[in-house]
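Report on one structure; see the data block that follows.
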Amino acid sequence: MALSIKKLSISIGKLEILHDESIGISDGSKVGLIGRNGVGKTTLLKAILGKVDYNGSIEFHGKVAYFSQHIDLNMDKTVRETIGASATIHQQGTFEKELQEVERKLADPATYEADNSTLAKLTQRYSDLLAKKAKHSQSKPSNKLKSVLQKLEIPESWLDQKVGLLSTGQRTIIALSQILSSDADFLLLDEPTNHLDFKRLNILENYLKTFKGTVLMVTHDRYFLDRVCDTIIKIENGKLGKYIGNYSTYLKTREATFEAQKTAFALEKKYLANEKDKIARIGKSPLKVAQGKYREKLLQKRKIIEKPDLDKSQFKTHFESTPINSKILLEITGLSVGYEKPLISGINLDIGPGERIILTGENGIGKSTFFKTIEGRVPLLSGKMVFDARAKIGYADQELKDLSSDATLYDEIFSLLKDMATTRQHLSMVGFTSDAEVFKPISKLSMGEKSRLNLLKLLINKPNLLLLDEPTNHLDIDAREIIETAFLNYDGAILAISHDRYFIKKIAQRLLKIENQTIKEMPVKN
């Protein structure tokens with residue numbers, strides 16, 4: 001067993017994440033950990049690493065490497081210096097305790113009075129534990145590094161750049177290279193697919209499928225879950241549910257289970273109603289009263305069947321845009337974008353109201369710079385952009401830098417709307433309804449919850465041109481589907497950077513690709 005969790009309870013403040021939950025993961029499994037934003041997926045990974053307090057037992061075997069969705073690299077170091085350093089390895093401590101116990105037994109004269117087979121087993125176990133300790137004490141970078149760099153197609157031109165000059169996607173690739181080249185045999189990956197281009201997504205898929213060790217990963221990429229995972233664990237209602245198979249198999253199993261639960265609940269409800277009716281019709285003689293009380297006690301002892309719940313997000317949202325009658329919202333001619341040197345040149349693009357356009361391309365090729373140039377954060381190098389006089393831009397950056405981390409959700413939105421009722425109404429549109437959610441500090445939100453809040457914030461001014469940089473990153477699957485539907489009903493124009501294959505298939509009317517420092521129109525595949 002790669003991971004054994006027994007009677008696990010985790011609370012963050014007054015919020016109980018898990019209560020008395022037990023589950024196991026077998027060696028070599030590829031497990032997808034799913035659940036709505038804020039249910040505790042990242043917290044569970046941190047509990048496994050011993051980074052948060054919990055009650056119960058967590059045991060894992062082997063060396064664990066952890067990829068965090070909050071990529072924490074030294075921005076002043078070069079890529080070469082960064083990838084040359086070892087990934088942090090988290091070790092299971094129980095074998096060291098066992099080693100001490102075996103040493104104690106070997107030092108006890110009574111051990112040698114026992115039968116020879118017991119002593120032989122103890123001596124062999126001691127030898128195995130010493131070898132395990134020696135292996136865990138290794139700190140040199142793995143010799144797999146060169147192979148991983150080649151697989152991830154990290155070019156020489158990156159190596160002497162400072163990490164701070166890389167794009168978010170490039171930094172993700174560098175952080176992954178550290179993890180994948182480690183000598184860990186158990187990988188904990190928190191949103192590893194965010195920010196990756198198609199090429200690296202395919203590389204990572206193939207790497208994890210052939211990885212000899214165990215993988216437990218949080219991801220909401222539906223294609224990725226289908227192609228890599230053989231097991232799904234879902235956190236819902238404070239419980240851990242385990243499903244054998246990939247994501248599509250999980251959906252079928254979950255739906256079948258839900259239908260069975262609905263039938264059981266309906267039958268139980270009917271049975272209870274009949275029993276209560278019988279009790280109500282029992283006569284008032286002492287014998288009949290005793291029979292009634294006996295029946296009532298039987299009902300009280302009966303195991304309660306709870307009403308089934310698919311644990312799906314229930315919020316509904318609608319995005320409004322400022323009306324515009326022109327045929328062209330934005331006309332781009334001969335545009336070059338970049339910093340000292342152009343990243344993309346010769347861009348010619350017309351965007352009309354209501355168009356849904358997806359932009360793709362490799363990491364670090366200039367996609368986000370293009371958006372920042374349209375929005376005005378980065379000056380254009382040459383060419384021109386002509387906006388309609390009624391154009392209103394809403395820009396969502398992938399790093400969520402436009403949120404105030406020291407404010408509450410309520411403060412952030414009230415500062416724009418200046419009305420309590422309207423603020424609560426808007427927050428409910430993206431799934432924040434209870435006081436506990438609404439008045440929570442933004443710094444305490446999960447990345448998915450921050451993404452929803454960020455999207456709400458930019459939509460308050462009713463923009464008619466949305467610039468969305470990886471809009472589905474961090475969002476749970478339910479939230480993705482709700483927001484995708486809202487985008488389909490949105491009257492304004494959408495220009496989005498995305499490598500979410502489900503999102504692209506559902507949303508794209510036009511598909512653009514950056515290649516050879518220019519933008520090309522690609523056919524849309526249905």
Side-chain angles (χ1 to χ4, degrees), residues 1-10 18 20-31 33 44-68 84-145 147-148 178-189 207-208 210-217 230-231 233 240 242:
M1 191 74 71
L3 175 69
S4 176
I5 293 174
K6 296 178 182 177
K7 297 186 175 298
L8 178 66
S9 296
I10 306 175
L18 294 171
D20 206 28
E21 287 299 295
S22 299
I23 206 162
I25 296 175
S26 58
D27 290 317
S29 296
K30 309 297 182 288
V31 184
L33 179 61
L44 176 58
L45 297 188
K46 289 182 177 178
I48 294 170
L49 298 172
K51 292 179 176 287
V52 298
D53 293 333
Y54 62 85
N55 292 316
S57 166
I58 300 177
E59 293 183 6
F60 60 79
H61 300 285
K63 294 186 176 184
V64 174
Y66 172 57
F67 175 87
S68 170
S86 298
T88 301
I89 296 294
H90 305 269
Q91 301 172 8
Q92 165 65 327
T94 56
F95 79 87
E96 293 187 350
K97 293 177 183 177
E98 186 183 354
L99 182 61
Q100 292 174 0
E101 179 62 19
V102 172
E103 286 176 340
R104 185 190 64 77
K105 288 181 178 178
L106 288 174
D108 185 353
T111 300
Y112 298 89
E113 296 173 4
D115 61 273
N116 291 336
S117 62
T118 301
L119 181 59
K121 287 178 182 178
L122 201 61
T123 306
Q124 182 60 50
R125 184 57 182 159
Y126 184 60
S127 176
D128 292 343
L129 289 170
L130 285 177
K132 193 173 185 180
K133 182 178 181 180
K135 183 181 177 183
H136 278 231
S137 65
Q138 294 172 2
S139 59
K140 293 180 181 179
S142 168
N143 56 12
K144 293 194 295 184
L145 179 58
S147 171
V148 168
Q178 278 192 309
I179 301 302
L180 301 183
S181 62
S182 71
D183 57 353
D185 38 33
F186 187 8
L187 303 181
L188 296 182
L189 308 177
Y207 184 94
L208 294 179
T210 57
F211 177 61
K212 300 295 185 185
T214 307
V215 180
L216 175 60
M217 62 180 169
D230 54 42
T231 307
I233 291 177
L240 296 172
K242 184 177 177 181

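Being a predicted model, the structure only gives us computed values, none of them experimental.
Atom NZ of K46 sits about 12.5 Å away from atom CG of L188, to the nearest 0.5 Å. Taken from CD1 in I58 to CD1 in I10, the straight-line distance is 6.0 Å, to the nearest 0.5 Å.
No side-chain heavy atom of I23 sits under 4.5 Å from any side-chain heavy atom of L3.
Taking each heavy atom of R125 and V102 in turn, the nearest pair found is CG-CG2, 4.5 Å. Shortest non-hydrogen contact noted between A184 and V64 is CB-C, 4.1 Å. Heavy-atom minimum distance, D185 versus K63: OD1-N, 2.7 Å. Across every non-hydrogen atom of I179 and A65, the tightest pair is CG2-CB, 3.9 Å.
S26 meets the side chain to side chain donor-acceptor pair (under 3.5 Å) test with S29; sequence neighbours excluded. Partners of A2 under the side-chain contact (heavy atoms from CB on, under 4.5 Å) rule, at least two apart in sequence or in another chain, are D27, T214. By the side-chain contact (heavy atoms from CB on, under 4.5 Å) test, Q178 is found to be paired with L73, T82, A85, A87, residues two or more places apart in sequence or in another chain being considered. With sequence neighbours left out, D53 forms a side-chain contact (heavy atoms from CB on, under 4.5 Å) with no residue at all. Residues forming a side-chain contact (heavy atoms from CB on, under 4.5 Å) with K7 (at least two apart in sequence, or on another chain): D20, S22.
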L8 vs L44, side-chain contact (heavy atoms from CB on, under 4.5 Å): CA-CA, chis, key distance, verdict: CA-CA 10 Å; L8 178 66; L44 176 58; 3.7 Å; yes
Intermediate values then yes/no, side-chain contact (heavy atoms from CB on, under 4.5 Å), I233 and I25: CA-CA 10 Å; I233 291 177; I25 296 175; 4.1 Å; yes
Derivation and outcome, side-chain contact (heavy atoms from CB on, under 4.5 Å), residues L45 and L189: CA-CA 9 Å; L45 297 188; L189 308 177; over 6 Å; no
Worked verdict on L216 versus F186 for side-chain contact (heavy atoms from CB on, under 4.5 Å): CA-CA 8 Å; L216 175 60; F186 187 8; 4.1 Å; yes
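Distance alone, capped at 3.5 Å, places no donor-acceptor pair between the K212 side chain and the T210 backbone. Distance alone, capped at 3.5 Å, places no donor-acceptor pair between the Y66 side chain and the L49 backbone.
Residue-environment remark: NZ (K6) stays at or below the threshold of 12 foreign heavy atoms within 6.0 Å.
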